[in-house]
J.: 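Have a look at the structure that comes next, please.
Computation of the quantities below employed the complete heavy-atom set of this structure, encompassing side-chain atoms and omitting hydrogens, waters and symmetry-equivalent molecules. The model shown is predicted, which means the values in this text are computed figures rather than measured ones. Here is how names work: the chains are called A, B, and so on, in the same order as the sequence lines, proteins then strands, and each is numbered from 1.
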Amino acid sequence: MKNDQENQPILQVKDLVVEYITDEGAFRAVDEVSFDIAPGEVFGLAGESGCGKSTIAFAITRLQKPPAIIPSGEILYKGVNLINLSDSELQAYRWTKVAMVFQSAMNSLNPVITVEEQFCDVILTHTNMTRSEAIERAKQLMDVVKIPRERIKDYPHQFSGGMRQRLVIAICLVLNAQLIVMDEPTTALDVVVQREILQQIYQLKDEFGFSILFITHDLSLMAQFCDRIGIMYKGKLVEVNDAQEIRNYPRHPYTKKLWSAFPSIHEGRKHYKPNLDFVPQIVNA
Amino acid sequence: MSDSNTPILEMNAIVKDFQSTGFAKSDIFRALNGINFKIYKGRALALVGESGCGKSTCARLITKIETPTEGNILFHGQDIKEITSRKDLLNYRKNVQMIFQDPFSSLNPTHTIYHHLSRALLIHDRCANNGKKLRARIDELLTLVELPTLTADKFPHELSGGQRQRVNMAKTLAVGAELVLADEPTSMLDVSIRLGVLDTMKRMKSEHDMAFLYITHDLATAHYIAEETAVMYKGQIVEWGDTHEVINNPQHPYTKLLISAVPDPEIKFREVIEQDLDFSSHAEKVRALSGHKVNQAKQVNHNHFVRLLAG
């Protein structure tokens, strides 16, 4: 019986429908989407802009606002349907159970308060910790994302884009959330910084065991980073499978089209033969 | 970068300093630290590097928005500093056109596509000011960039990002530009349409003999479109030459770092991590190593050079 509970998905989305009310009637942004995320799993949602992937992220964190409505479907977090929760129940659920990293993290930190205040804001709202305990906890998390503790008194603009993204991740982890929703967490960053951040997230995931819902349009990155992938097209989940299966045996024509949209630099590298006849020399440049 | 033709544009030992005059102190920031490159007809040179490495500054210098602190820029052998008269400037700007990253802000929202293209044609005297002839020429231009001719009567908000970027490409064709400076032209577009836009650029290169300076942080698209690639770091080009050589046989630690960070869908992230457990400190070391000014390079192959490391 115990074993059963351990294998239970942390999140189940069942026949979820999200609509935007417009002057011309309802626009169905998410159309009967269902998927599960297991504890410790990285589940990816891929698709182009407007396919509904970010709308799902907002629905799961229950941050969607009118004109977006959820006319039907269920979102179960450990068996509890989030759609029926009251505002105060939702407050207890956000950050402590589910946290979210938005696309442009640089804009999701409050520019006029210090990092210390941003941490305290989250911790003091959701726990009974004292202020000094909260600051100590914040400093531990700064260690985790490898930002020097003394910078806790700095303001967001004093950090680089990559550091700000790491601070947001630290805030997400501060209350031991079990599920972290990441909507294009590295899209605005260059590949080297992207890799630094994702590597850190992955190592933290191994350490703390949380699950990740990872949203991006970069299919190569997704195939590498995720355990399972769902491909979205026009509000529908057209294919869900193991990351390697999606890579090697895409079934839906749209998945195939998405793959062909990426020029790869790695394929040629595997067959490259260097020119051994040329004798290298030093030149001024 | 050897080629039998003479280059359209040549950057010679370009240095660019920016001065910030703060309160009681003034800092000099050296954005470009000795940049050399040549751009040839019908070919594309990709300038690749992270944000802040100076790649967009190169484009700003070429457009004469900024002037170099040291060095000179030659356009068909003439120093662009000497292009000052109104007529010469107009002619230079006709020949050197720019496509910006954000297709949503580079078209005037209150005018139709017809207006945008006819203005370009009329200002640069590329078409008689005659309704029928203009319409015919604009239809032709839209067809060249693979847009339906109906697009002419639409406003920018009625078009997608990819369609707008195609309108910008039609503008460069309208004026008969020789060189197009494309600064991250596809990074704001959806992945599924990026390749189509790049294919159109390829055709402009091959069928209209246009030259491109393709500025990006994405090695994969650089690889797709450019014959030559120059990798920039902190205002210096650290490695340059045939794109194929630079990507498949990288020599500089910064190029190697950049390539190793491009996701390879064939390798799972767990294996990637195991190969380099402390990627961050590795990256930090490479950055520290690559930032110094060095004047010597090693020629690795006929057209493949790598800057030596300091010390």
Side-chain angles (χ1 to χ4, degrees), chain A residues 42 46-50 146 160-161 188-200 202-203 206 217-227 243-244 246-248 254 257-275 277-285, chain B residues 34 36 49-51 161 189-196 198 217-225 237 240 244-245 247-249 254 257-270 272-273 276-280 283 286-287 294-302 304-308:
Chain A
V42 186
E48 58 194 285
S49 331
K146 295 183 185 138
S160 71
L189 307 169
D190 71 81
V191 283
V192 178
V193 179
Q194 164 173 291
R195 171 70 181 284
E196 283 180 66
I197 289 184
L198 291 180
Q199 183 148 347
Q200 216 162 44
Y202 209 83
Q203 285 162 339
D206 278 353
H217 62 257
D218 186 341
L219 215 52
S220 306
L221 175 66
M222 186 162 267
Q224 193 170 57
F225 193 72
C226 298
D227 301 316
Q244 288 310 301
I246 293 270
R247 168 66 193 142
N248 298 323
Y254 181 70
K257 187 179 165 225
L258 265 189
W259 272 121
S260 65
F262 280 95
S264 164
I265 65 164
H266 294 287
E267 258 143 55
R269 289 172 54 73
K270 285 160 195 159
H271 308 286
Y272 177 79
K273 287 193 187 69
N275 174 8
D277 300 334
F278 189 84
V279 183
Q281 46 196 312
I282 304 299
V283 295
N284 279 320
Chain B
N36 297 291
E50 62 181 23
S51 358
L189 306 179
D190 257 337
V191 278
S192 55
I193 55 170
R194 266 183 208 175
L195 226 50
L198 289 175
H217 66 266
D218 177 15
L219 271 171
T221 55
H223 179 56
Y224 190 74
I225 190 160
I237 295 178
W240 66 99
H244 180 75
E245 290 289 322
I247 287 186
N248 295 322
N249 189 22
Y254 183 73
L257 180 75
L258 207 56
I259 290 172
S260 76
V262 176
D264 181 349
E266 304 295 329
I267 305 173
K268 291 303 288 179
F269 211 70
R270 191 169 297 283
V272 172
I273 292 178
D276 192 351
L277 280 170
D278 198 356
F279 182 81
S280 267
V286 172
R287 288 187 182 115
V294 181
N295 292 322
Q296 285 184 314
K298 182 165 90 170
Q299 185 173 10
V300 188
N301 206 334
H302 298 291
H304 182 189
F305 298 82
V306 58
R307 194 166 296 283
L308 299 184

J.: Does a side-chain N-to-carboxylate-O contact under 4.0 Å join A:Arg269 and B:Glu245?
T.: no
J.: Counting C-beta onward and ignoring hydrogens, is there a side-chain heavy-atom pair between A:His271 and B:Asn248 closer than 4.5 Å?
T.: no
J.: Within the structure provided, determine whether B:His302 and A:Asn275 are in side-chain contact (heavy-atom separation under 4.5 Å).
T.: yes
J.: Tell me, do B:His217 and A:Val191 make a side-chain contact under 4.5 Å, heavy atoms counted?
T.: no
J.: Check whether any side-chain heavy atom of B:Leu195 lies under 4.5 Å from a side-chain heavy atom of A:Pro263, and answer yes or no.
T.: yes
J.: Could you tell me which of B:Arg270, B:Gln296, B:His223, B:Glu266 has the largest number of non-hydrogen atom pairs under 4.5 Å with chain A?
T.: B:Arg270
J.: Let me know if B:Ala297 has heavy atoms under 4.5 Å from chain A in its side chain, its backbone, both or neither.
T.: both
J.: Which one of A:Ser49, A:Ala223, A:Cys226 has the most heavy-atom pairs closer than 4.5 Å to chain B?
T.: A:Ser49
J.: Any side-chain heavy atom of A:Ile265 sitting closer than 4.5 Å to one from B:Tyr224?
T.: no
J.: Can you tell me how far apart CG (B:Asn295) and CG (A:Asn284) are? Round to the nearest 0.5 Å.
T.: 7.0 Å
J.: Tell me whether A:Lys270 is salt-bridged to B:Asp264, with the criterion being a basic N under 4.0 Å from an acidic carboxylate O.
T.: yes
J.: Under a 4.5 Å heavy-atom cutoff, which of B:Ser280, B:Pro265, B:Ala283 has the most pairs with chain A?
T.: B:Pro265
J.: Quick one, A:His266 and B:Val262 - any side-chain contact, counting heavy atoms below 4.5 Å?
T.: yes
J.: Please rank B:Ala261, B:Ser260, B:Gly49 by heavy-atom pairs under 4.5 Å with chain A and give me the top one.
T.: B:Ala261
J.: I need the residue from B:Leu198, B:Ile273, B:Asn249, B:Ile267 with the largest number of non-hydrogen atom pairs under 4.5 Å to chain A.
T.: B:Ile273
J.: Going by heavy atoms in the side chains, are A:Gln224 and B:Lys268 under 4.5 Å from each other?
T.: no
J.: Give a yes or no on whether the backbone of B:Pro263 and the side-chain of A:Gln194 come within a donor-acceptor separation of less than 3.5 Å.
T.: no
J.: Which value, rounded to the nearest 0.5 Å, describes the distance between B:Phe269 atom CZ and A:Met222 atom CE?
T.: 13.0 Å
J.: For a 4.5 angstrom cut-off between non-hydrogen side-chain atoms, does B:Phe279 reach A:Gln200?
T.: no
J.: Which bit of B:Ile259 is near chain A, if near means a heavy-atom gap under 4.5 Å: side chain, backbone, both or neither?
T.: both
J.: Specify the closest pair of heavy atoms between A:Gln199 and B:Asp276, including all atoms of both residues, with the distance to one decimal.
T.: NE2-O, 2.7 Å
J.: So which of A:Leu219, A:Asp206, A:Asp218 has the largest heavy-atom pair count under 4.5 angstrom toward chain B?
T.: A:Asp206
J.: Would you mind checking which part of A:Leu198 comes under 4.5 Å of any heavy atom in chain B, side chain (CB onward), backbone (N, CA, C, O), both or neither?
T.: both
J.: What residue in A:Lys146, A:Gln244, A:Glu267 has the most heavy-atom pairs under 4.5 Å with chain B?
T.: A:Gln244
J.: Which bit of B:Val272 comes within less than 4.5 Å of chain A, counting heavy atoms only: side chain, backbone, both or neither?
T.: both
J.: So A:Phe262 and B:Arg194, side chain to side chain contact (heavy atoms under 4.5 Å, CB included) or not? Walk me through it.
T.: CA-CA 9 Å; A:Phe262 280 95; B:Arg194 266 183 208 175; 5.6 Å; no
J.: Does the separation of the ring centres of B:His244 and A:Tyr272 fall below 6.0 angstrom?
T.: yes
J.: Quick check on A:Leu221 against chain B: is it the side chain, the backbone, both or neither that has a heavy atom closer than 4.5 Å?
T.: both
